[in-house]
Amino acid sequence: MIIAGEPSGDSLAAELVDEIRRQGPGRICPRIFGLGGPKLQHAGVDLLVDMTKHTVFGLIEALARYRQFKRIFNQALKAAEERQPDLIILVDFGGFNLRFAKALRKRIRSNSGTFQNWQPKIAYFIPPQVWASRAGRAATIAETIDLVISIFPFEKDWYQDRFPQLPVHYVGDPMATRFPFSKTPRRMLTDTTPKKVSRLVLLPGSRKQEIERHLPIMLEALELIRRHKPVEATIVTPTNEHTAPFRNLAPSGIQWQEGKLEAALIEAELALASSGTVTRECAYLRVPTVVIYKLSKLTYEIAKRIVKVRFIAMPNILADKMIFPELIQDAANPLAIAQEALQLFDPAGRQELMEDLERVVLSLGPPGATKRAAKSIVNLLQTDR
């Protein structure tokens, strides 16, 4: 059984399933079901629910859809009990997946007479960022998970210091396979020639709430930027139905592109991006980026009290310094975004940033992370508990 949530998790989970199937012949022959999205379904997974249609972020947004998520949660638990998979793979999607692992373990214990022969192993690929907020969740991971598969270099030591009995395999960042270091563009390191027209990519996010909050202020910032320099802009969002209601926001002359993010970034000199996975993609392709994020007021007040890291963008966390400017909540206003963007357009201010990005990308490991993750999972499935 495999459970993934958002589009990025669906993609990673599908790549993992494909790799498990490639490594499986002669060792295992997996039949896989679970929750995910269209890419997992395309990979041959018997999909119970398309979770990419239910993505939300923030406490208020999640509470508003509590009944819906509870129904899906119970459906997943029931399917697990009925089909009794040998292995359950959780991919990212921490709010749902951690609760699922805990509830499943509890249910198995309470029904030990009925399920005494069913003791599934649980692997977590890309665990919740407990080192950033709500560190207490790490205890739940240690109690319920048989193997943690980490993609960030510092996580293994973090867990080792607190839960030395928990197996943690660091495999590196799956993005390194998509963006091999030797093939990534280095043009901006040496190219300081002023451009007649600069290219800017707007990345408002993948969730409906993110696009709704971020796109209007990004477009206002773009207008302010254009008062100082000519800019061609492209809006890039995932291929899903969330984008349709916002098409009329983009003024004429601005391209709107679904998918094909890499092609857009390769041509870009700068990005305005919602904080998330996409900031790592910007780092791999050496695109200076202004990172923004806006939450509902209550969610933001809660987040301020539980988040324990200095930065929200992963390139900044990995570098332990502000490489990409971050503008959060009220600071994410059009004027501030435009000012940060204009500074990053200045070639004189880019050299140190580009060198920092080189170091960050190198720290994320060589290509082949998903292959290494699949090998760990196949080995786990073949070992006795």
Side-chain angles (χ1 to χ4, degrees), residues 6-9 12 57-58 92 94 126 128-133 150-155 158 173-176 178-179 184 188 200-207 209-211 213-215 217-218 221 236-238 261-262 264-265 268-295 299-300 303-304 306-333 336-341 343-345 349-350 352-365:
E6 300 162 348
S8 59
L12 289 167
F57 186 83
D92 203 357
I126 314 178
Q129 294 175 357
V130 291
W131 39 266
S133 67
S150 162
I151 68 170
F152 299 125
F154 58 85
E155 287 183 316
W158 191 94
D173 189 349
M175 281 190 191
R178 290 170 50 199
F179 309 116
T184 49
M188 301 309 298
L200 175 66
V201 175
L202 307 183
L203 306 169
S206 59
R207 304 178 182 94
Q209 297 99 325
E210 290 175 328
I211 299 171
R213 290 184 181 132
H214 298 151
L215 185 57
I217 58 176
M218 285 182 173
V236 183
T237 54
L261 173 60
E262 182 178 351
L265 287 176
E269 293 175 55
L270 188 74
L272 307 181
S274 164
S275 180
T277 303
V278 73
T279 63
R280 298 207 321 277
E281 295 177 272
C282 292
Y284 270 104
L285 291 168
R286 316 302 196 275
V287 180
T289 303
V290 180
V291 180
I292 74 167
Y293 212 87
K294 292 180 77 73
L295 298 158
T299 299
Y300 175 66
K304 281 198 306 182
I306 64 175
V307 174
K308 303 300 181 183
V309 288
R310 295 166 58 199
F311 310 111
I312 65 167
M314 186 53 68
N316 293 343
I317 293 172
L318 291 165
D320 197 27
K321 64 184 291 189
M322 187 80 77
I323 300 177
F324 290 164
E326 295 181 357
L327 298 169
I328 312 303
Q329 209 63 5
D330 292 341
N333 60 75
I337 295 170
Q339 289 173 337
E340 294 286 1
Q343 288 187 42
L344 290 182
F345 271 127
R350 297 165 71 101
E352 182 180 354
L353 181 151
M354 291 298 179
E355 292 171 355
D356 287 335
L357 288 181
E358 297 284 311
R359 287 189 287 271
V360 165
V361 170
L362 280 174
S363 77
L364 289 168

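- Taking both residues in full, the closest heavy atoms of Pro315 and Val360 are given as O-CG2, 3.7 Å, listed atom of the first, atom of the second, then distance.
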- Task: Please assess Val201 against Val287 for the test side-chain contact (heavy atoms from CB on, under 4.5 Å), listing each intermediate value before the final yes or no.
- Result: CA-CA 10 Å; Val201 175; Val287 180; over 6 Å; no

Yes or no on side-chain contact (heavy atoms from CB on, under 4.5 Å) for Arg280 and Ile151, after CA distance, side-chain angles and deciding distance?
CA-CA 12 Å; Arg280 298 207 321 277; Ile151 68 170; 3.8 Å; yes

For Val278 and Val236: C-alpha separation, side-chain torsions, deciding distance, then whether side-chain contact (heavy atoms from CB on, under 4.5 Å) applies. CA-CA 11 Å; Val278 73; Val236 183; over 6 Å; no

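- When every heavy atom of Phe311 is checked against every heavy atom of Asp320, the shortest pair comes out as CE1-C, 3.8 Å.
- Two residues are said to be in side-chain contact when any heavy atoms from C-beta on lie closer than 4.5 Å; Ile317 and Trp131 meet this criterion.
- In this structure, His214 and Leu272 have side chains that are not in contact, with every pair of non-hydrogen atoms separated by 4.5 Å or more.
- The closest donor-acceptor contact from the side chain of Glu326 to the backbone of Ala313 lies under 3.5 Å.
- In this structure, Ala176 and Gly365 approach most closely via the heavy-atom pair CB-O, 3.5 Å.
- The distance from atom CG of Asp330 to atom NZ of Lys294, rounded to the nearest 0.5 Å, is 5.5 Å.
- Pro288 places a side-chain heavy atom less than 4.5 Å from the side chain of Met354.
- Considering CG of Leu327 and OH of Tyr293, their distance stands at 15.0 Å, rounded to 0.5 Å.
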side-chain contact (heavy atoms from CB on, under 4.5 Å) evaluation trace for Ile337 with Ile217 | CA-CA 9 Å; Ile337 295 170; Ile217 58 176; 4.2 Å; yes

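- Among the candidates Thr289, Leu357, Val291, the single residue satisfying the side-chain contact (heavy atoms from CB on, under 4.5 Å) test with Cys282 is Thr289.
- Leu203 has its side chain within reach of Leu261: a pair of non-hydrogen atoms, C-beta onward, lies under 4.5 Å apart.
- With values rounded to the nearest 0.5 angstrom, Ile292 atom CD1 is found 10.0 Å from Ser275 atom OG.
- Checking side-chain atoms of Arg286 against main-chain N and O of Tyr284 turns up a donor-acceptor pair under 3.5 Å.
- Of the possible polar contacts, one joining the Arg350 side chain to the Leu344 backbone as a donor-acceptor pair under 3.5 Å is found.
- Heavy atoms only, all atoms of each residue included: Thr237 and Ile211 are closest at CG2-CD1, 4.2 Å.
- Note that the CD atom of Glu281 and the CG atom of Leu265 stand 7.0 Å from one another [nearest 0.5 Å].
- Between Thr277 and Met314 there is no side-chain heavy-atom pair separated by less than 4.5 Å.
- Leu295 and Ala303 get closest at one heavy-atom pair: CD1-CB, 4.4 Å.
- Distance alone, capped at 3.5 Å, is enough to place a donor-acceptor pair between the Asn316 side chain and the Ile323 backbone.
- Of the inter-residue distances, the one linking Met218 atom CE with Ser274 atom OG reads 6.5 Å to the nearest 0.5 angstrom.
- At least one donor-acceptor pair closer than 3.5 Å links the side chain of Asn333 to the backbone N or O of Ala336.
- Here Leu318 contributes atom CG and Leu362 contributes atom CG; the two are 12.0 Å apart, rounded to the nearest 0.5 Å.
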